[in-house]
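Notes follow the structure.
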2 protein chains.
Amino acid sequence: MQIEHFLGKRLGLEGGRLRQLLDIAHARRCRRGDVIFQRDKICNSLGYIVNGALRTYCVMESGQEISFLLQVNGDFFGDYESYLTGARSRFIIEAMMDTEVLLFDKSDLDRLIDSDIFWLRFSRTIPDVCFLEAKRRIEDLLFFGPEERYDRLLNKMPEIVQKIPLKYISSYLGITPQSLSRIRKRIIN
Amino acid sequence: MQIEHFLGKRLGLEGGRLRQLLDIAHARRCRRGDVIFQRDKICNSLGYIVNGALRTYCVMESGQEISFLLQVNGDFFGDYESYLTGARSRFIIEAMMDTEVLLFDKSDLDRLIDSDIFWLRFSRTIPDVCFLEAKRRIEDLLFFGPEERYDRLLNKMPEIVQKIPLKYISSYLGITPQSLSRIRKRIIN
DNA sequence: CGCCAGGTTGAAGCGCTTCAACGTCTGTGG
DNA sequence: CCACAGACGTTGAAGCGCTTCAACCTGGCG
């Protein structure tokens, strides 16, 4: 099946091992606008996007919403800091369109990891992936200006950028919706 | 001894376990300006700063140097992406003042990790720490403006910021040296 | 002494922000 | 079926902050 294939490829798993992992997965469908994870909760599961798009965002004191992450098919989601440390999360995760996800509960993952040294070795993959993604984001913010960042985002997720509200994208890029609107206009030429 | 104490506390290690780790450490002293790690190499060791300060930076095509990380006593350093993936690094690591470090070779760490399930469990600590640091940096860049970022850096490493060249700090903050100079002037009031 | 790197300061410019108004689309209720 | 509200995007005008270019100052060092 497709899901297995993509998830397995992403994680370097196959056959029985992949099946073992899928055994503890919970499938869930969300509608556009559904909140998958609430602020001030402790994140006790990690997720994988089968189909759709999510945003992980933070509401600032001013009331302004800032997109911390925009994620699509094949991406993992969840506030990994809260998952790791057990601290309450400041983030909200919301579906930007109808979305199917697989959820893995921390308790199930921990049990799996304890069950077999294979999974103990495997468990490093999670923070490794999180770190690499985070590093890319830093490089994006540090090495490029707003316009270049938008360009790179377009390359990274071309179909999605056209479909989701502009304001989610602008705060992800660290600019105002108006600025992004003008950048778009500029780029058309 | 002090070093052991701090390193152990940072990693949650003590007694025999801490000694095991220190057994594979190589101490090294560097002078201000020494390059500890060279661009285009593969990073095959991780380091711990006993005393001093390092910067991890990238030279852009324009020739401009951008500080990716500024690190001080008690911080870990190394291009963890290159360490993980085996890819050539685009970063250079340089001592900003006379600095003592402990180096841990990947081959020794891998051997340690394979020797005992304790160390296999422990090995997740490394990417976890890297991820949490990276996440802080993203939040800094995304949630705050240049002036606030400088303020937060002052709180994070107050002694060091006074001692190292302004241009290293400004590129870490994502601004020009001139702008940082003016921000400093503004803040004195 | 004079050079050089690092820092400061001034002036001009550009890009993003802010505030505000208007256009467009969609869904809802009269 | 139309009218209207609300969300979203666009556009204009004014302002602010960072950038750029350039000049100058300062301290360290050969």
Side-chain angles (χ1 to χ4, degrees), chain A residues 31-35 53 55 57 59-67 70 92 94-98 140-154 159-189, chain B residues 31-35 53 55 57 59-67 70 92 94-98 140-154 159-189:
Chain A
R31 297 210 154 279
R32 173 197 187 87
D34 284 357
V35 169
R55 67 178 179 126
Y57 67 99
V59 180
M60 308 309 282
E61 294 176 13
S62 65
Q64 189 202 2
E65 292 181 2
I66 297 183
S67 297
L70 301 178
I92 301 164
E94 196 181 293
M96 294 189 293
M97 54 180 67
D98 293 358
D140 239 53
L141 290 167
L142 203 55
F143 297 163
F144 303 98
E147 192 160 336
E148 287 172 301
R149 285 206 287 276
Y150 177 64
D151 224 47
R152 293 162 61 82
L153 186 64
L154 267 182
E159 343 72 45
I160 308 299
V161 170
Q162 314 298 339
K163 289 184 202 164
I164 65 179
L166 173 144
K167 62 177 180 175
Y168 299 159
I169 301 169
S170 63
S171 75
Y172 177 83
L173 298 175
I175 57 178
T176 59
Q178 293 93 323
S179 286
L180 179 54
S181 175
R182 292 189 237 261
I183 285 174
R184 274 185 168 168
K185 196 177 170 188
R186 244 180 276 155
I187 283 181
I188 291 171
N189 309 327
Chain B
R31 299 210 154 278
R32 172 196 188 90
D34 283 357
V35 169
R55 67 178 179 127
Y57 67 99
V59 180
M60 308 308 283
E61 294 176 15
S62 64
Q64 189 201 3
E65 292 182 2
I66 297 184
S67 298
L70 301 178
I92 300 163
E94 196 180 293
M96 294 188 292
M97 55 179 66
D98 292 358
D140 239 53
L141 290 167
L142 204 56
F143 297 163
F144 303 97
E147 190 160 337
E148 288 171 300
R149 285 207 287 275
Y150 178 63
D151 225 47
R152 292 162 61 82
L153 186 65
L154 266 182
E159 344 71 44
I160 308 299
V161 171
Q162 313 299 339
K163 289 184 202 163
I164 64 179
L166 173 144
K167 62 177 180 173
Y168 299 159
I169 301 170
S170 63
S171 76
Y172 177 83
L173 298 174
I175 57 177
T176 58
Q178 293 92 324
S179 286
L180 180 53
S181 175
R182 292 188 237 262
I183 286 175
R184 275 185 166 167
K185 195 177 171 187
R186 244 180 276 154
I187 283 181
I188 291 169
N189 309 329

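Below, chain A is the first sequence line, B the second, and so on; all start at residue 1.
Separating the NZ atom of B/K185 from the C1' atom of C/dT9 is a distance of 6 Å, rounded to the nearest angstrom. Following rounding to the nearest Å, B/L180 (CG) and C/dG6 (P) show an atom-to-atom distance of 15 Å.
Legend: residues meeting side chain to side chain contact (heavy atoms under 4.5 Å, CB included) with B/V59, ordered by chain and number and at least two apart, are B/R39, B/Y57, B/E65, B/I92. Listed by chain and residue number, nothing satisfies the side chain to side chain donor-acceptor pair (under 3.5 Å) test with B/R32 (two or more places apart in sequence, or in another chain). Legend: residues meeting side chain to side chain donor-acceptor pair (under 3.5 Å) with A/Q178, ordered by chain and number and at least two apart, are absent. Every residue two or more places apart in sequence or in another chain that forms a side chain to side chain donor-acceptor pair (under 3.5 Å) with A/D98 is listed here: A/R31.
Looking at heavy atoms from C-beta onward, A/M96 lies in side-chain contact with A/L70 at the 4.5 angstrom threshold. In this structure, B/E147 and B/L180 have side chains that are not in contact, with every pair of non-hydrogen atoms separated by 4.5 Å or more.
Taking OH from B/Y150 and CD1 from B/I187, the interatomic distance works out to 6.0 Å, rounded to the nearest 0.5 Å. Between atom CZ of residue A/R149 and atom CG of residue A/L154 there is a gap of 14.0 Å, rounded to the nearest 0.5 Å. We find the CG-CZ distance between A/D140 and A/R152 to be 4.5 Å, quoted to the nearest 0.5 Å.
End-to-end axis angle of the helix from C/dC1-D/dG30 to C/dG30-D/dC1, using five pairs per end and rounding to 10°, comes to 10°.
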Give every donor-acceptor pair under 3.5 Å between a side-chain atom in residues 162-177 of chain A and any protein atom, sequence neighbours left out.
| unit_1 | atom_1 | unit_2 | atom_2 | d |
| --- | --- | --- | --- | --- |
| A/S170 | OG | A/K167 | O | 3.1 |
| A/S171 | OG | A/S67 | N | 2.8 |
| A/S171 | OG | A/S67 | OG | 3.1 |
| A/T176 | OG1 | A/S179 | N | 3.2 |
| A/T176 | OG1 | A/S179 | OG | 3.2 |

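Of the residues in residues 164-177 of chain B, those with a non-hydrogen atom less than 4.0 angstrom from any atom of DNA chain C are B/P165, B/L166, B/K167.
The residue among B/S179 and A/P146 whose nearest nucleotide of DNA chain C lies closer to the 5′ end is B/S179.
A 4.0 Å heavy-atom criterion places the boundary nucleotides of DNA chain D facing chain B at D/dC18 to D/dA22, written 5' to 3'.
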